[in-house]
Every structure is written in C-alpha cells, then in structure tokens.
Amino acid sequence: MGHKVVVFDISVIRSLWETRVKKHKAWQKKEAERLEKSALEKYILVPVIPAGWGIKEEWDFVAECRRKGVPQAQYCKNGFVDTGTRLLDKIERNSVARQSARVKDRGKRSDPFVFELSGTQWTELPDSLKEQTHLKEWHIHSTLIQIIPTYIELFQAMRILDLPKNQITCLPAEIGRLKNLRELNVSFNHLKNVPPELGDCENLERLDCSGNLDLAELPFELSNLKQVTFVDISANKFSSVPICVLRMCRLQWLDISSNNLSDLPQDIDRLEELQSFLLYKNKLTYLPQAMLNLRKLTLLVVSGDHLVELPTALCDASTPLKFISLMDNPIDKTQSQDSDEILESEQDRQHFDKEFMKAYIEDLKERVPLVDLGHQSRAEAVPWRGPGEVHTDDP
C-alpha cells in the first residue's frame, strides 16, 4: 500500500533537543551546588557536562542521566506520548546501542586481523603498521590524521576501511589495488575528490563519502563497481546524480541528501534494484516520470518546500512505496541558543542532522503502515505537532 507523509516543522525538534540539553546542564549546576553544601557530596557522583562537548557526547550524557533515574519521558496532556519526545528518546537509545556495539566490537577486534585507532593525539599512522600487511580491517576514527600512506597497497587482504571523522584530505591512488576491499567509509573528513583508481576495487559493496562538505563529483571510473549496493554521498556539493552511480546496477540504497540537486536525470530508472532513495535538503522542484519505473523502491524521502510537481502514482495505494515529503520550516535560532554557546562546526551540524534524520525516518517507517495516507493531498495533510502541543480538536 502506498503512503504519502507530509511532515511540517521538523526543525522544531532540534530546538526541543537543545532545550532539553540546557535543562540538564542547569539541573547539574544546581545539583552540584546543593551537594557542595552537603555531606552527601563525597558519596554521590554527579556527572557534569564538560564545556566544549558536542551533540554526541550530550546524547550519551542524557542516556546516562536516564540510567541514574533522571526522568526523560514527557507526555501530552491528552495522555499520548509526544511525537518529538519519542523521537528524541529513539536517538538516545540509538546512542546507547552504538556504545554497546562498540564494546562488543572491541572484543571481536582483539583478533590479529583488525587494526583500531582513535583519539586526537594521532596525527599520523604508527610506523609499525606497514609491517602488519596481514590485516583485513582498519577502524580509524576521530583522529587528526590527514594522509593515508601509499603503502596501503601492501594490504592485499584488506576487506574493510572504516575511516570516519578524521582529517583526511585525499586518498592515494594505490587504494585501487585492494582487490578484496568490500567497504570504504571516509565520511566526515575533508575530501574534495576521489581517485579514479577506486574503480578498480571490483568487489566493493559499500561506499560512504558523506559529510565531506566540498566533494562535488565522483570519477566516471567508479562505473566499474558492479557489486556496490550502498552509496552515501550526502552533505556534499553534488549538483547532479553522478553518472557512475547510475551505472551501479546492484545499488539498493542511495543517499544524496543535503546537496545542491535541482533535478534528477531522466534515466534514473536505470537503478532497477534501488529500494531506498534519500533526497531531502536539495532544491528539487519536480520528480521525473521515470521514478515510476523503479519497481523495487520502497522508501523515497524528499524536501517538499520547493516540490511542485510529482507523478501522482507515487502515492497510489497499489504501490509499496512510502513517500515522505518533509516540510522543514526554519526556526529563529535565537530561541534555542545562548549568546555564549559554542557554535557547531558545519560538519558537527551535518552529523547531528544525519543522526536525527536516521532516527526520524525509522520512526516514520514504524508508524506509517498504521495509517493510510495514500489519498491525502498536500493541503489536507495534518501538520506534525510541535513538542508538547495539544490541539483543541483532539478527542
């Protein structure tokens, strides 16, 4: 059954999140002052948010507050769980789940075939690494490393290169000699281009170049990657869908959100295996009729602010497609930021938005099958409620 979901004011949830974090900071300050005056201070540990923490650390902090008994759930007066609060709770749960997964992964990565490195104390890879050519996985994140050395070609058994949130400015051409490479994650670095030699990694299945901000094209040589099923190039400067992506015949997931797209190619239906297509935060005014030929497409997410034309069959009840049109009305940031608050970097903001939208889409996918919105027009769609808002026409 096809579903069209029109959602208004998603940006207000970000405001709610920032407000909740501030409330926790204020609560911690008062609690610290109270304990300082009491004998309980030596017996009770109160976590305090250090200055300069990012959104991720604050998520983890809120999750820890929950474990210590600080209430998080908020309810509307009519007894229903508030949509915004439920979504934020989902983000918190995801954060805790990722922490648990990392703990488990550390156990798995104790084997001699996995290399793991993190921390801002690292500005380059250790010299001893070049001697460990038997390694099959690199997991390097949150460092100040800018360069991946050319000796990477010696690691012929390499299957996973997981390199997010570093300072990498370029990838060596020698990466194309890793014939067994299955996954490449270079998200949230500082790449401005991708070497054409990557197209020689014929067994690559997942490619994540999201959040590099200045990446504007992918080389045509990547057309050779016929095994790729997942591509994420969101939060960059693409003005069109790369030709090489259109030639990835097994592609199932494509995220090209938060770019500069104004239209889609008329031959978008070349992606016959595509199941999930994320296009939000672009400047699309229409969707081509060729979209109807994507028979396996089950999730389409766009920004509806500029969208004036789309094939009506996309929302037809006979299709399995969940069509989500996001209406993101910007809010006055002065409502949610103090003058002395440290501004986020663009990458931090994009990372927050990406994690938020991931949880948001998961939440919608869980709720949409319960209600048939397939025949609602855009004007008839009910706006998503702001946090804590109760409508007078509620039962």
**Asked** Any donor and acceptor pair, going by atom type alone, linking the side chain of Asn236 with main-chain N or O of Phe238 inside 3.5 Å?
**Response** no

**Message:** Can a donor-acceptor pair be found, under 3.5 Å and without considering hydrogens, that links the side chain of Gln347 to the backbone of Gly211?
**Reply:** yes

**Item:** Test item: side-chain donor near acceptor, Thr143 and Asn166, under 3.5 Å
**Value:** yes

**Item:** Candidate list Pro242, Ser210, Ser234, Ser240, test side-chain contact (heavy atoms from CB on, under 4.5 Å), partner Ile256, passing option
**Value:** Pro242

**Residue among Lys281, Lys354, Arg206 satisfying salt bridge (charged side-chain N to carboxylate O under 4.0 Å, His left out) with Asp255** = Lys354

**Request:** Look at the side chain of Lys179 and the backbone N and O of Asp200, then say whether any donor-acceptor pair between them is shorter than 3.5 Å.
**Result:** yes

**Pairwise distance CG(Leu178) to CD1(Ile160) - rounded to 0.5 angstrom** = 13.0 Å

**Request:** Please answer whether the main-chain N or O of Gln156 pairs with a side-chain N or O of Asn180 as donor and acceptor at a distance below 3.5 Å.
**Result:** yes

**Prompt:** Are Pro164 and Asp208 close enough that some pair of their side-chain heavy atoms sits under 4.5 Å apart?
**Reply:** no

**Request:** Rounded to the nearest 0.5 Å, what's the gap from NE2 on His190 to SG on Cys170? Could you check?
**Result:** 12.5 Å

**Complete:** From the list Asn212, Leu218, Leu207, side-chain contact (heavy atoms from CB on, under 4.5 Å) with Val194 holds only for Leu218

**Request:** Quickly, which of Leu297, Asn293, Leu246 forms a side-chain contact (heavy atoms from CB on, under 4.5 Å) with Leu271? Name it, please.
**Result:** Leu246

**Item:** Polar contact flag, side-chain donor to acceptor under 3.5 angstrom, Asp162-Asn185
**Value:** yes

**Pair Lys296 + Glu273, salt bridge at N-O below 4.0 Å** = yes

**Message:** With a sphere of 6.0 Å drawn around CD of Glu217, does it hold more than 12 non-hydrogen atoms of other residues, nucleotides or ligands?
**Reply:** no

**Asked** Can you tell me how far the CG atom of Leu161 sits from the NZ atom of Lys136, to the nearest 0.5 Å?
**Response** 14.5 Å

